[in-house]
Visitor: 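The structure is given below, and queries will be raised subsequently.
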Amino acid sequence: TPTVAGCARAHWCGGSWVGGAASGPDRGSTTQRSPGGERERDAGFPALHPASMIRGASADRRVVRRPAGGEPNGLWSEPESPPPPPPGGRVQRGEAGSGRDKVNEARRSTESVVFDDGTVTFFWRAHTLTVLFILTCALVYVTLLEETPQDTAYNIKRGIVASILVFLCFGVTQAKDGPFSRPHPAYWRFWLCVSVVYELFLIFILFQTVQDGRQFMKFIDSKLGVPLPERGYGGNCLIFDPGNKTDPYHNIWDKLDGFVPAHFLGWYLKTLMIRDWWMCMIISVMFEFLEYSLEHQLPNFSECWWDHWIMDVVLCNGFGILCAMKTLHWLSMKPYHWQGLWNIHSYKGKIKRIAFQFTPYSWVKFEWKPASNLRRWLAVCGIIFMFLLAELNTFYLKFVLWMPPEHYLVLLRLVFFVHVGGVAMREIYDFMDDLHFHKKLGQQAWLVAAITVTEFLIVLKYDPHTLTLPIPFYVTQCWILGFILVLSWTIWRFFIRNITLRWKETRLQKQDKTNEKEKVGNGNANPFMKSKHNASDARQRKC
């Protein structure tokens with residue numbers, strides 16, 4: 001009898017036998033299609049998605065246990081005595097698997113087990129015709145019933161916004177699904193289309209002159225296009241200022257501005273994206289070194305030592321990373337058993353089910369393993385580099401485009417990266433974890449990389465003087481030393497060490513062949529000689 005803990009061949013869920021694992025190169029990223037035509041994705045996990053379960057669920061609803069009145073968050077279990085599998089023993093997933101070993105080979109050990117009763121409601125169905133009808137009605141109203149204003153600037157703005165909205169409507173209904181499906185696949189398709197719009201906007205800014213590009217920002221907000229002074233966080237770095245009799249700790253209170261909770265929340269969300277404590281700490285510490293190295297370019301990077309290491313690294317960043325790791329542990333231990341809202345009879349269960357709609361459909365624990373091979377090591381280094389570059393772009397874009405830190409465009413950019421960054425990191429991890437190197441990089445990861453590079457190119461074009469200011473000699477020495485250390489470790493770990501291991505393995509193989517020939521030649525030797533040969537073989541192997 002198959003069990004909830006996992007079986008070797010198939011699971012019984014919602015009246016249908018479903019294999020316990022994916023097989024082939026597409027494990028962990030299966031695309032299904034719902035009755036309405038909408039493709040649903042299971043967040044990169046070989047799970048039982050509602051769309052993939054609809055036939056089995058509709059065939060026999062009686063085998064699904066009705067939850068008790070107080071059952072939490074709509075979880076359910078399998079029936080104790082499920083009927084036999086379909087004729088011929090056919091299952092939807094893991095057909096080739098005949099045991100637990102094959103299941104483990106097909107499904108990554110870091111993936112959670114998911115069960116779903118297969119409920120497909122109006123919420124999950126595609127609404128392509130509905131969206132097309134509403135869009136057509138809006139355009140007909142603007143064309144026939146609304147009088148066009150005579151304000152040219154207003155018409156240009158409205159035309160650009162309308163064009164973007166039409167593109168977003170098309171993308172939300174027709175674009176390819178990503179790895180996430182909660183709260184809804186359309187939500188993540190929306191942010192994918194926003195990524196395209198933002199990249200096109202950056203390309204437009206890149207092709208303008210410096211003066212025209214800065215003045216174009218007035219087209220978005222009339223308050224922009226004016227040079228803004230950068231605030232310096234250095235100066236008096238005394239924690240206790242005896243000269244100030246009123247408030248000797250005024251330096252600490254001055255640093256406690258809105259950026260403190262922003263730092264905490266930012267690193268909490270970044271850790272949820274990366275899902276690795278070491279990588280997050282490395283990025284956090286390296287960014288502080290970058291601020292030390294570039295404070296001669298941007299006064300905003302000039303901070304006190306305790307602001308760098310105590311307030312930023314230890315308190316804000318460190319506490320945010322710690323809270324995120326606790327959240328990741330909860331998500332990895334949480335049971336992923338889903339049931340349709342209308343199959344839950346208690347109001348408490350319905351409320352919990354609605355709340356859990358905003359949690360992941362399934363969970364994958366990231367194991368980056370940068371030291372396992374050269375490809376993963378270079379990929380992790382590239383991820384860290386792109387993270388640091390995106391962080392620097394935040395400050396340099398404000399500087400070259402004359403945007404104040406509190407402007408809503410700066411906040412919108414951060415919100416944008418929070419949404420697209422998580423999807424991009426999942427796609428990068430799937431790309432690295434796939435055994436077939438020819439697999440394509442995910443669409444969101446491709447766009448995030450293009451956006452990050454384009455932002456840097458805008459900074460380079462709009463203010464090359466600031467970027468080419470000479471770096472202090474001691475800073476250059478530190479970075480050269482760090483680069484040499486990283487390069488030396490890479491050469492030793494992936495080249496010298498491998499050559500040494502191969503040489504030792506070859507020597508042991510030659511010794512084994514020599515010993516076998518001696519044993520064959522001395523087959524009639526006395527037992528005392530055989531024991532000596534065995535002892536010498538053991539000593540050689542220990543060496």
Visitor: Which heavy-atom pair separates Tyr429 from Arg376 by the least distance, and what is that distance?
Guide: CE1-NH2, 4.2 Å
Visitor: If only atom types and distance count, is the side chain of Thr359 paired as donor or acceptor with the main-chain N or O of Ala355 below 3.5 Å?
Guide: no
Visitor: Would you please indicate yes or no on a ring centroid separation below 6.0 angstrom for Tyr187 and His419?
Guide: yes
Visitor: Taking side chain as C-beta onward, heavy atoms only, is Met217 less than 4.5 Å from Arg214?
Guide: no
Visitor: Heavy-atom distance under 4.5 Å between the side chains of Val486 and Trp377, does that happen here?
Guide: yes
Visitor: In chain order, what residues pass the side-chain contact (heavy atoms from CB on, under 4.5 Å) check against Phe416, with sequence neighbours excluded?
Guide: Trp191, Val194, Ser195, Tyr198, Val420, Ile451
Visitor: So do the side chains of Gln444 and Phe180 get within less than 4.5 Å of each other, counting heavy atoms only?
Guide: no
Visitor: Go through the structure and list residues passing salt bridge (charged side-chain N to carboxylate O under 4.0 Å, His left out) with Arg413, not counting sequence neighbours.
Guide: Glu455
Visitor: In Å, rounded to the nearest 0.5 Å, how long is the span from CG of Asn393 to CG of Leu388?
Guide: 11.0 Å
Visitor: Among pairs that include at least one residue of residues 275-287, which meet side-chain hydrogen bond (donor to acceptor under 3.5 Å, both in side chains), considering only residues two or more places apart or in two chains?
Guide: Ser284-Asn317
Visitor: Which of these, Leu206, Leu467, Val400, sits in a side chain to side chain contact (heavy atoms under 4.5 Å, CB included) with Lys461?
Guide: Leu206
Visitor: Taking side-chain hydrogen bond (donor to acceptor under 3.5 Å, both in side chains) as the cut-off, I'd like each qualifying pair that reaches into residues 470-486, sequence neighbours left out, listed once.
Guide: Ser293-Trp479
Visitor: Stepwise, does the side chain to side chain donor-acceptor pair (under 3.5 Å) test hold for Tyr396 with Thr466?
Guide: CA-CA 10 Å; Tyr396 279 93; Thr466 299; over 6 Å; no
Visitor: Who pairs with Phe385 by ring pair (Phe, Tyr, Trp, His ring centres under 6.0 Å), at least two apart in sequence or on another chain?
Guide: none
Visitor: How many angstroms lie between CE in Met403 and CG in Asp221, if you round to the nearest 0.5 Å?
Guide: 10.5 Å
Visitor: With a 4.5 Å heavy-atom cut-off, do Phe456 and Leu392 have their side chains touching?
Guide: no
Visitor: Listed by chain and number, what are the side-chain contact (heavy atoms from CB on, under 4.5 Å) partners of Ser488, not counting sequence neighbours?
Guide: Ile484
